[in-house]
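This report refers to the structure that appears directly beneath it.
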Amino acid sequence: MTPRVRFAPSPTGYLHVGAARTALYNYLFAHHNGGTFILRSDDTDTARGADEFQEDILEHLGWLGLEWDEGTVVGGPHGTYRQSDRYDRYRSVAQALVNSGSAYYSFATAEQLDAFKREAREAGTSPAYDGSLEPSESEVAERLAAGETAVVRFKVPRPGATVFADIVRGDMRFEHAQVDDFVILRSNGTPTYHLASTVDDVDYGITHVIRGEDLLSSTPKHILLTRAMGSDPAIYAHLSLLMGPDGKKLSKRHGDTAMAAYRGAGYLPEAMNNYLALLGWNIGDDETIASLNEMVDRFDLTTVSKNPAVFDPKKLEWMNGVYIRDMDDAEFLEVTLPLVEEVVGRTFSRDDRARYAMLVPLVKERTKLLPEVASQARFLFVDIDEYDEKAWSKVMAVDEGPIALDGAVAALEALDSWTTDGIDTALRSMLEEHELSARKGLQPIRVAISGSTVSPPLFESLEILGRDEALSRIRTARAALS
RNA sequence: GGCCCCGUCGUCUAGAGGCCUAGGACGCCGCCCUCUCAAGGCGGUAGCGUGGGUUCAAAUCCCAUCGGGGCUACCA
């Protein structure tokens, strides 16, 4: 049996990192086992659903490279894979369930339900609505005929229990006394999540349901529903939830949770996938870095951790740096060029581009987040209009400042081969001549050409900047010093 | 309140009775390298929630306890 798994987000928000991890695990499981990864849109919550969210989810799943074999947009044998297109199907299942005695119409009011829960709580028992408010058949007929609206509830068989073997949790058992007669069809005729999701899982031949732990206690409902439809339940695997640094379920108040925010902040999809995979699963052999394909090869759902994991942006950032350093220069140039152009404020000419290409290997290994390249490369393309205040007072307006600058001008003017090596040699002998330490003697030059005490390596920077511009900047700084 | 899940360094984890004076990674600290910043190299800091058992032997098994989390909607 080849597995069929699905990622079924509800478009009630942007794709967040926790959902992305669930999608990733489904993807890894499907591919490892030669199965099918399906994307479905569980949009039964019409009040909250939005096209904007749906698009965001599709967009970022694509960005992560978690392509689906069947489902939304790409299609397949089951239509649009959008629940809002299948209301007739859900309604007919609900009706069939009523006909077979597995479900019933309910007129219970919010007040009645509240009272029921309150009593249960006071008695210290489970608040599960136990069907004692189920109306008689004749009453249903009468009230429906009179135009009253009703919900359809699933009749949970009591006493009894549902047991199942969860791949990550192990053996589960839920007493039916704890499960209430949940609504499957709302009074407006739309299905609830439980019905729609279960019907789809059955109709689409889903073999493994891999989802968040928040659905663990709903699983007996889904199993009961599946059996009532005459089918065998899927195998379930409930993933622990992602937490914020305070140990609470990860949410907006912990900072960014939307995948779009991470993409915008300069994270690479490869790093994101790698990091997310590690939250609850280990590649093995003390390994941390692995490509999507390597992870597919090694993925094993049975070794997934049960503990909730704290999402740690620090490690993600480190990992992003690893992936950035691993990019080849040409690729790095392509993805970062727009970022630099934006900060510089102009579209690059051939010459700009060529000079940036020379700088690329230097900034690449100094970058953890893509946008950082802009501040590192900026000096190459704009005039130095102001010097960092601290840099000026600490390295320029001191005894060594003018000496180093004058020495640099003299040494560089006399230099005939404007190369990193040539500059290196010339400046080092200048240092010796004036008895300056490398630190004291070179920092003023760095500040003069970049405006800051932090820049890419000096000799290379000077070479790329070009003789005229370099000398001009050093003279300008020297003049500002007198 | 009820039901369910979880509990190894600050964080992600390895560990399925002796291989553990608990391993790896991020972070943090120190040293080295070094023209700054990174990167890199080397070293260090730090953990089995607690209390009882079982056993020659427990991070690993049992019980209790404490802590955290989820669900408890005509949300998903």
Side-chain angles (χ1 to χ4, degrees), chain A residues 8-10 12-13 42-45 47-49 106 108 110 113 117 120-128 149-153 166 169-170 172-175 177-180 182-188 190-194 196-197 211-220 238 240-241 243 245-249 275 278-289 305-319 321 325 362-368 372 376 391 395 424 427-428 431 437-443 445-447 450 452-459 461:
Chain A
S10 176
T12 52
D42 281 15
D43 60 343
T44 52
D45 186 2
R48 291 202 291 165
S106 167
L113 262 18
K117 283 178 215 161
R121 183 173 278 240
E122 280 163 12
T125 61
S126 167
T149 58
V151 299
V152 175
R153 288 179 183 276
D166 189 285
R169 305 272 143 194
M172 291 291 111
R173 178 189 178 87
F174 289 87
E175 292 296 331
Q178 306 297 335
V179 183
D180 62 8
F182 54 101
V183 172
I184 58 175
L185 204 62
R186 300 186 186 109
S187 54
N188 67 4
T190 62
T192 60
Y193 167 77
H194 298 120
S197 176
R211 49 158 47 163
E213 191 191 347
D214 51 339
L215 262 356
L216 183 58
S217 41
S218 297
T219 304
H238 288 90
S240 62
L241 270 13
M243 302 294 172
D246 59 355
K248 306 279 184 200
K249 188 178 173 181
Y275 178 69
L278 253 30
L279 258 24
W281 178 64
N282 78 302
I283 301 164
D285 298 328
D286 288 340
E287 282 185 59
T288 335
I289 303 293
S305 168
K306 292 192 264 268
N307 337 12
V310 173
F311 185 84
D312 176 16
K314 279 282 195 182
K315 190 162 184 175
L316 208 209
E317 202 174 297
W318 162 78
M319 193 170 277
R325 271 172 258 131
L362 270 24
V363 297
K364 193 179 75 175
E365 65 178 49
R366 292 173 163 71
T367 305
K368 278 205 178 97
E372 292 170 359
Q376 295 183 70
V395 327
D424 189 330
L427 289 182
R428 283 193 196 281
L431 255 26
S437 68
R439 191 185 189 95
K440 290 277 191 185
L442 262 20
Q443 280 298 74
I445 307 172
R446 183 190 309 284
V447 175
S450 74
S452 157
T453 51
V454 177
S455 82
L458 184 62
F459 308 139
S461 296

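Naming convention: chains lettered A, B, ... in sequence-line order (proteins, then strands); numbering from 1 in each chain. Bear in mind the structure is a predicted one, so any value in this text is a computation, not a measurement.
- Contact of the A/T288 side chain with the A/M319 side chain is registered, since non-hydrogen atoms from C-beta on lie closer than 4.5 Å.
- Taking side-chain N and O atoms only, A/K117 has a distance below 4.0 Å to OP1 or OP2 of B/A73.
- Rounded to an integer number of Å, the gap from A/W318 CH2 to B/A39 P is 11 Å.
- In this structure, A/S452 reaches neither bases nor backbone, as no heavy-atom distance under 4.0 Å exists between it and the strands shown.
- Between A/R121 and B/U72 there is no side-chain N or O to OP1 or OP2 distance below 4.0 Å.
- Residues A/Q443 and A/F311 both approach RNA chain B. Their nearest nucleotides, taken by heavy-atom distance, put A/F311 toward the 5′ side.
- A sub-4.0 Å separation between OP1 or OP2 of B/C35 and a side-chain N or O of A/R428 is present.
- Here A/E213 pairs with A/R169 in a salt bridge; the nearest charged N to carboxylate O distance falls below 4.0 Å.
- Within 4.0 Å of A/L215, counting heavy atoms only, lies at least one base atom of the nucleic acid.
- Here B/U72 presents its C1' atom at 17 Å from CD of A/E175, a figure rounded to the nearest Å.
- Taking only side-chain nitrogens and oxygens, A/N307 never comes nearer than 4.0 Å to OP1 or OP2 of B/C5.
- The pairing partner recorded for B/U55 is none, the criterion being a Watson-Crick or G-U wobble arrangement whose two distances lie under 3.5 angstrom.
- Minimum atom distance to the side chain of A/L279 is reached by B/C12, of the listed B/C26, B/C12, B/A76.
- In this structure B/G49 sits in a base pair with B/U65, meeting the Watson-Crick or G-U test at under 3.5 Å.
- Across all strands shown, B/C31 forms a Watson-Crick or G-U wobble pair, both distances under 3.5 Å, with B/G41.
- The NE2 atom of A/H194 sits 7.0 Å away from atom CG of A/L215, with the distance rounded to the nearest 0.5 Å.
- Under 4.0 angstrom from either OP1 or OP2 of B/C3 there lies no side-chain N or O belonging to A/R173.
- Pairing for B/C71 is with B/G2, a Watson-Crick or G-U wobble pair whose two hydrogen-bonding atom distances lie under 3.5 Å.
- Between the CD1 atom in A/I283 and the CD1 atom in A/I289 there is a gap of 7.5 Å [rounded to 0.5 Å].
- When heavy atoms are screened at a 4.0 angstrom cut-off, A/P9 is found touching no nucleic acid atom at all.
- Between A/K368 and the phosphate of B/A39, there is a side-chain N or O to OP1/OP2 separation shorter than 4.0 Å.
- A/I445 contributes atom CD1, which lies 11.5 Å from atom OG of A/S450 (distance to the nearest 0.5 angstrom).
- Distances shorter than 4.0 Å separate none of the side-chain N or O atoms of A/S450 from OP1 or OP2 on B/U36.
- Both A/E122 and A/M243 sit near RNA chain B, but only A/E122 has its closest nucleotide nearer the 5' end.
- Here B/U11 sits opposite B/A25 as a Watson-Crick or G-U wobble pair (both hydrogen-bonding atom distances under 3.5 Å).
- Each of B/G70, B/G10, B/U13 was ranked by its minimum atom distance to the side chain of A/L241; first place goes to B/G70.
- Using a 4.5 Å heavy-atom threshold, the side chains of A/H238 and A/R211 count as touching.
- Closest to the A/S187 side chain, of the nucleotides B/G70, B/G2, B/C74, is B/C74.
- Comparing B/C35, B/G23, B/G2 against the side chain of A/D286 picks out B/G23 as the nearest.
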